[in-house]
Structures are given as C-alpha cells and as structure tokens.
Amino acid sequence: MDSMHVQPTASRSLEEDEDDAPDPKRLKTSHHEALGVESQPSHQPSTGISDAPRYDVSELLPPSLCLLGVDQPKVLDEGNPITREIDVGISEYISSSAGRMEGIIKQRFTDFLVFEVDKAGNVLHVTSLDPPATPEIPSKSPPTPEPDVKGEQIKSDPPLTFHRDSWTESTNIKLEPFLNSEAINQLKEMYFQGPEPPQPASTEDVTENPESAGASSINPNEQGRGRGRGGRGGRGGRGGRGGRGGVRIEDRRRVTSELITSKDKRTEFHRTIREVFGGNLDTEAIEATGEEGSRIVIKWMGRGRGRGGRSGRDSGGHHGTEARLPAYIHFTLQKTNRDTQDALSIIARALKLQVKDLSVAGTKDKRGVTTQRVSLRRGHFTIADVWKGINVQRSRERTMEHALKERGERGVRIGELEYKPSFLELGMLKGNAFIITLRNVKVESVSVINEVMQSVKTKGFINYYGMQRFGTSAIPTHAIGLAILKSDWALAVSLLLRPRPGENPDCEEGRRAWLEDGDLRRALRLIPRRSVAERCILESYQKQKGESRNAYGALSTIPRNLRLMYVHAYQSYVWNAVVSERIRRYGCDKPVIGDLVFQQEEPEIVEDVSLDADAGIAHEVNGAVAVDTEVLDSLPEARNNAPKNPRSGGKKAFVAPKVKVLEESDLSKYSIFDVIMPLPGRDVSYPGGELGERFRAFLRADGLDPDNLNHTQRDYTLLGSYRKVLHLPAQLSWSVLRYTDPEVPLAQSDEDKILGFDEPRTDPDGKFMALQINLQLGTAAYATMAIREITKMDTSAQSQSLLTQASEDQAYKGSGANLASGDAEDTMDVET
C-alpha cells in the first residue's frame, strides 16, 4: 500500500490545463496514488461502497506526534483513525486529585444550549416569535456610532446626506488613494443625484447606453410590473401602478477605479466606501481579463422595485423613505443541530442573497441549540421582509400560522429584528453562556460533584483548543493545515476529498464517485452545498474539464478564511502540546521563571473565538465556487496572520503586544492567570528555557523552520498570537437532577419555551443522575474543555458517541412518555 504522502505535482497554468482532454484511466490511477488507496483488481467488479478500497492512515497525523510519547491512533473498521484528545496535545488536568465523575455530553440537542453574550454583557435570547411591528422611520440625523470590538465608540464622520455642502475636502482626501480626480468628480456627481437616477423630461429622452461607466448614465427599461400605487403617470403594467408613465429607470450609473493589484488595497477601498458613505454605496470587484488585479466598481445600493416597476412605495409600505433607513438589519438567530455557516447559507438562500451579506460576532457549535446575533446588509429589505422570508416563506406549505405555532424550518428561527447603521464583525462579543446537561452521571457521592465544581469555579481549567478545532470527522484539520504549510498541495487536496465514516451517505458516495470512478458530475450532484471546501475543489476540476493536476489552483478556490482555519488548527495543535508540557513540568498553581506575560495592562487580543473547525467560516455563494474574498470577514486569527495594514477601514492595525519573560524577581507580581503561551509565528516571542525549545522541536519534527515561518504564499505566513494558559469562568452554578427516560428533556430552548413544547421534566425517583451546569465563558474558551476538567473524560465526538451507545439509560427510551409536565426537580444537595 502506498504511503499517504505524495510529492506535489508540477503546477500548470489554467490555460494549459484547458488544452488537454483528461484520460479517465490516468485520473483514476492518480487519485488512488495520492490517497494511498489499495485499488481493486480490474477483473473484479465493484459491488458498491461495502467493497470500497481502504485508505492508508500510517502518516495521517503530523510526525511530531512522536514527541507526545503516544502511539498512532486506533483505526476503525472503515480504515479511518479515531482522533483522541491526546493526539492533538490535550492530556493534563488542573485538579487531577479531585474525585472522578463520569457523564455524557450532548446526548440530546437541548443538553447543550448556547447563548451569545454581547459586548455590554447581555445574554441574548429569542423572546418573541411575533412578526416585528412596522418601525417609525428614522430621520436623516446621523446614527449613534456602534461600539467597536474593544467596546469603545468608533469615531467616524456621520453618513453623508445628498447635499453638496456635505462633501468636504476630507472626503476627497479619503478617496484619493484609490481614485483619480476624474473618477472622484464622477462619484461626487452620482452621489449628489441620490439613490434614484435622474428622470428624463419624457420617455423619449431615455437613451440606451449599457456599457457607459459615467456617473450619470441611464438606460431605458420596459414598463413596470410593480404592485403598489406609483407616483405620477398612470399604470405601470401588470399588477399595479408603477412610476412615471409606467417607465422604470434602471440605474446604470457606475464609477470604476483603475486597476488595483494589491488585495489589501482593494479590501481597504471596499471598507472606505462603506464607512464614508454610511453603507449607501455598494462596491464590487471586477477581474481584469489578461491582467493581474481587479477594478472596483462603485454604485448605489440596490433599492426595492417590487416585481419590476419603480414603485412609489418600498416593500415595507413606506413612501420614498427607504433611503432613510440604516444600512443594516440585525436579528437574533436560534439554530438547532446546524453549524453557523450552514445556518447562514439557509438564510441567504431564503432571502435570495449572498452569504457575504451576512456576518456574525462568533461561530457556534453544531450539535446543540445555539443563539446568536446576525447582521444583514439591508439592500432593499425591511425587517418585515426578513422576518417573513426566513420564518414563513421558505416553503410553499408554510404559513404565518405555522410560523407562530411550529418550530422553525430546518432548525432555523429568527427574532428580535432591528435596524442598525453598521455590521457585526467576529470578536464583537463578550463571550457565551451555556446550559449544559450531563446525563448518566456516575460519581461516588454528591459531595464529590460539589468538590469538583468548586475547583473549576475557583481554579478554572486549562484553556485548550477543544476537539471541535480539529474537526469532527476522521480527517483532522491540523493535518490538512500542515500539508498547506509545507506546500504539499496534492496531499492537502487528497485529505479534504477522502471519505469520512459516519458522514451523510450521499456525501460519502459523492466522494467515492470522484476518487474511485472519476465521475465528476455525479460527485457534484451528491456532495451537499454545505461541504464548501470539497465543492470548491471539484468545481475547479469541472472548469478545467476534469483535469486534476493543478492541486494548488484547486485549493486556492476555497474561501480564504476557511483555508486559514486549517493552518490555524496546526498552530492550535502545537499550542496544546506545549501547554501540556508546561503543566506537566511545573503544575498550574503559580508562574515560573521563563513564563510569558503581557508587559503592560492586558491588551485586547483578538486571536480567537470558539470556532467549530469542522464548519469553517466560508463564503459560499449559492453553493458555487464564485467566492468574493475582497471584503474579508474579520476572522480574528486571520487578522493576526494577515499582513499588517495601516489603513484597515479606519481601525487600528494589529500590533503585536509587548510581552515579558519572567525572571525570579517578577514572580510575586503575577498570578497563573496572567501566564500566556504563543501560537507559533514570525512575530511572537517564545517562553524561556526548555519550553521555548519545545516549540522549536515540534516545528522541526514537522518539517518547518521555526526561525523562518514566512511562506511563498503570503496568506500562509504565520505571524502568531497569544492565548491565556488557564481560563476562569465568569459565572458557574450547577444542580443535580434525576431522570429515567433519556428522551425526556431536562432543559428547554427559547423557541420551545415560547411555543410550550418539550417542557423540562425530571423524576425524583429516576434511575439515573444528571448534572446541569450554568456556565459563562469568555470568547476564547471552549465549554467542552471546562466539561473535560469536570468529568476527566475524553470529549472527542467518537468517544462520546460510544459512551451514549453503551449507556444504561438507553434501555429506558420512551418510558417517561406519561410523566406529567412540570414535575418538580430533585436538586438534592445543590450548591451554586
């Protein structure tokens, strides 16, 4: 059987690939070689997935695994390994002397409830399912600035009104780095004209000029078909009365920049236009044929037009006032058993917009019921449109009554809608609150529970990157990240495409259709849109008519921040491993000589939010490969690993904080909660002594140069960041419950609480014990790592799944069907 590692094939240009017709036999052979597949003899017909070849796993994990002193992971029957906590550097506990307690995490979705905590400290909830009331239209007075990620007020100019006095010399200065004087004058003229193009004196004055990029060019349009009553001019065609004489003027006014080759400058340009003009103008990058770089096109944000005619009302029924609404809509999202990106894709499809128009403050786990804030670039939408589009009109059968009396379709429900002048960015939250229910708890006594919980409350837990960081499938994300860092593009692609046991059968069948049969069309038909990385690669091959040798080009079509998450997973693996070494050698009671701390008052480090690494934060555009990476998500770690930009939309550029290596005289000035550890990178300092050497040993073992973490592809240059070694919960309380039936809920989501569904029910005489934990953590912490400290058990998905299957309470499913709702909880010796 061939080794999993392969040498990357020579990169070819896309033009060369298009000239070659792929040889199906060659393609199939190359897939098997790249994946280490043991092919079936050609004379034996395949009998389906049950006869599928096995994949070599001998070198799936990084070579530095040997430094952890552990054996290679066990292999499942399907030929894939079980990734354990110890395989990603997680091995130590703070309070190993406390009594042992076992329990099962996430047996039911409502056993893991997550509520985002905003920057003001408010825990977010869905409080009503009712449609939003029509708001009072705000005046044109400047909105109150939104707090930035540090909770401070952003000092920015108020959005411009459509008057010549509002365009100052400061406006020109902000635009000069991106536009020449002619383009600035065109933009000024277009802006003063307002969001609607100038009306001709009569319909005869309308001339067609579709290619014009002038600031005042307009185009004729067919008669309107809008529904509401229009202004002057009679009927606008079928379905209602349109605008002037039934003629709808399509806005073709555009201002186009010169060619911009720098991606950072294009990103800065997008942000400058958005902030200077209060979100009223839209920008779009247009690739230049045969040239390196793109031009940026500026236009007015699209306005509501009904079904074709320029109506005198917007879709919310407001006469000519839509331009006065703020540029964004914020709402609270509750999702069940969906990762954040999947939920955003569902919302985007429901509203017929692109995922890039949505943003969040942080991503949430898939398995559970989670609540968080989402912002939407409004365009022509009103809050009524958004509420109805997501809660009601996602299927023909669903009505308003369904929306008010049934759960949201596909596990998605929104509420608490309001207009806002700015959008959310990753990191704009204080943390997350959790209600976690552990089932089938086995412990010597309740006093042991109180002892363990009190330890976590006062001593905290090791701030490991949790198992979600490394993926919930059999292919760990840090292995993909290492392949990318080593420029082994073929290996990275092969790891992304190979089958994973336990995934959706269609998805597995789609992977094998390509890898084993070379059937690209069937693979794309079967692999779901939520598999963003896989579809990007296959759609790249489709564009190249089946040619698959340009692994780097295929990998580059994956959204940038998703690609970076694989790289960050490798950094997280090294961080976990070295932190375990530090705890093992020196304990976790106090700082020691050589530890790192921040030199001054702790800065706002935007190095991490609790990410579900299996989901990623990708920009999927209707499931296609056409991904707009110009306006980048502010993925906190991506900002730390991206080239520094002194003009990032008016915000301060990331500056690496000053750190101090502790000497003996410093030890009394700091506590263990001040100690930090770096994520490997070019711009960070390493601890003194043996721990610093340990970092270098891991990087060398994996084929990386610890003294040169620059990469030929700038996106993959590691700059690094810092993370606290321990995390102390902001809040922690707990209660002990009894139950018998594992299907009876012990906690309730916001939506179910409003609908009166699945009220929590406990049985004072129940056969099994449950521990319900109320926990609030900061943005950089994983709740599963707090639970790990409590239970001293492996939190990997495979381990928890095996525990659930073997749990004694599974024999009592359905036994609690006749329990009366609202039975009193048995709290035994509850301590908070």
Side-chain angles (χ1 to χ4, degrees), residues 64 67-69 89-98 454-465 571-608 640 654-701 704-709 718-730 777-778 780-781 785-786 788-789:
S64 58
L67 297 179
L68 298 175
I90 301 172
S91 62
E92 305 305 307
Y93 299 97
I94 286 182
S95 183
S96 56
S97 61
Q454 194 63 39
S455 172
V456 175
K457 188 172 185 177
T458 57
K459 298 180 179 180
F461 57 93
I462 304 173
N463 199 22
Y464 285 126
Y465 288 96
Q571 291 176 290
S572 304
Y573 154 72
V574 176
W575 190 96
N576 280 354
V578 178
V579 165
S580 289
E581 184 76 12
R582 194 262 179 231
I583 300 296
R584 193 159 45 243
R585 292 190 182 201
Y586 306 114
C588 49
D589 296 325
K590 58 185 178 181
V592 298
I593 296 173
D595 276 338
L596 292 179
V597 297
F598 291 118
Q599 194 168 24
Q600 300 172 344
E601 184 178 349
E602 180 182 344
E604 182 79 11
I605 297 298
V606 288
E607 53 82 22
D608 189 20
N640 285 357
F654 171 77
V655 178
K658 295 181 179 180
V659 298
K660 180 181 181 67
V661 180
L662 294 184
E663 300 176 356
E664 186 172 2
S665 59
D666 300 312
L667 298 182
S668 61
K669 304 174 186 177
Y670 298 94
S671 78
I672 188 63
F673 295 109
D674 296 315
V675 176
I676 58 176
M677 197 70 77
L679 281 85
R682 187 189 69 189
D683 292 348
V684 297
S685 298
Y686 292 104
E690 295 178 343
L691 289 181
E693 287 304 313
R694 195 67 172 168
F695 268 107
R696 294 178 175 85
F698 269 88
L699 296 173
R700 289 193 193 102
L704 301 176
D705 182 355
D707 298 315
N708 182 13
L709 292 174
L718 300 182
L719 302 186
S721 187
Y722 297 96
R723 178 178 173 88
K724 289 291 187 71
V725 169
L726 301 187
H727 191 92
L728 190 67
L777 303 176
M785 293 297 96
R788 176 184 178 274
E789 182 68 35

Interatomic distance, CG@Leu726 vs CD1@Ile583, rounded to 0.5 Å, equals 5.5 Å
Nearest heavy-atom neighbours spanning Pro591 and Val675: CB-CG2, 4.0 Å
Checking the side chain of Glu789 only, and the main-chain atoms of Ser95 only, is there a donor and an acceptor separated by less than 3.5 Å? yes
Is there a donor-acceptor pair closer than 3.5 Å between any side-chain N or O of Arg723 and the backbone N or O of Ala780? yes
Go through the steps to decide whether Lys669 and Asp674 satisfy the test salt bridge (charged side-chain N to carboxylate O under 4.0 Å, His left out), and finish with yes or no. CA-CA 10 Å; Lys669 304 174 186 177; Asp674 296 315; over 6 Å; no
To the nearest 0.5 Å, tell me how far Cys588 SG sits from Lys459 NZ. 7.5 Å
Hey, what do you get for CG (Asp595) to OH (Tyr586), rounding to the nearest 0.5 Å? 8.5 Å
When every non-hydrogen atom of Arg788 is compared with those of Ser91, the smallest separation belongs to NH2-C, 3.3 Å
Could I get the full list of salt bridge (Lys or Arg N to Asp or Glu O under 4.0 Å) partners for Arg584, not counting sequence neighbours? Glu92, Glu581
What are the two closest non-hydrogen atoms of Gln571 and Pro680, and how far apart are they? NE2-O, 2.8 Å
Is there a side-chain contact between Lys724 and Ile676 in this structure, where contact means two heavy atoms from C-beta onward sitting under 4.5 Å apart? yes
Is any side-chain heavy atom of Ser685 closer than 4.5 Å to a side-chain heavy atom of Tyr722? yes
Do any N or O atoms from the side chain of Arg582 and from the backbone of Val578 form a donor-acceptor pair under 3.5 angstrom? no
Do Ser580 side-chain atoms and Gly89 backbone N/O form a donor-acceptor pair below 3.5 Å? yes
Heavy atoms of Val579 and Val725 approach each other most closely as CG1-CG1, 4.0 Å
Intermediate values then yes/no, side-chain contact (heavy atoms from CB on, under 4.5 Å), Arg694 and Leu67: CA-CA 9 Å; Arg694 195 67 172 168; Leu67 297 179; 4.0 Å; yes
Could you measure the distance from the CG atom of Leu704 to the CZ atom of Arg696? Nearest 0.5 Å is fine. 14.0 Å
So CG of Asn708 and CG of Leu699: to nearest 0.5 Å the spacing works out to 11.5 Å
Using a 3.5 Å distance criterion without hydrogens, assess whether the side chain of Tyr670 forms a donor-acceptor pair with backbone atoms of Leu596. no
Can you name the residues that form a ring pair (Phe, Tyr, Trp, His ring centres under 6.0 Å) with Tyr686, not counting sequence neighbours? Phe695
Quick check for you: to the nearest 0.5 Å, what is the distance between Leu719 atom CG and Leu679 atom CG? 11.5 Å
Are any side-chain N or O atoms of Asn576 and backbone N or O atoms of Tyr573, one a donor and one an acceptor, separated by less than 3.5 Å? no
Might you point out which heavy atoms bring Phe461 and Ile94 nearest each other, and give the distance in Å? CA-CD1, 3.3 Å
Using the side chain to side chain contact (heavy atoms under 4.5 Å, CB included) criterion, which residues pair with Ala730? Sequence neighbours excluded. Gln776
According to the interplanar angle, ranging from 0 to 90°, do the rings of Tyr465 and Trp575 count as parallel (below 30°), tilted (30 to 60°) or perpendicular (above 60°)? perpendicular
Smallest separation among heavy atoms of Ile593 and Glu663, with atom names: CG1-C, 4.2 Å
Could I get the full list of ring pair (Phe, Tyr, Trp, His ring centres under 6.0 Å) partners for Tyr464, not counting sequence neighbours? none
Which residues pass the ring pair (Phe, Tyr, Trp, His ring centres under 6.0 Å) test with Tyr93, sequence neighbours left out? none
Using salt bridge (Lys or Arg N to Asp or Glu O under 4.0 Å) as the criterion, list what pairs up with Lys660, not counting sequence neighbours. Asp666
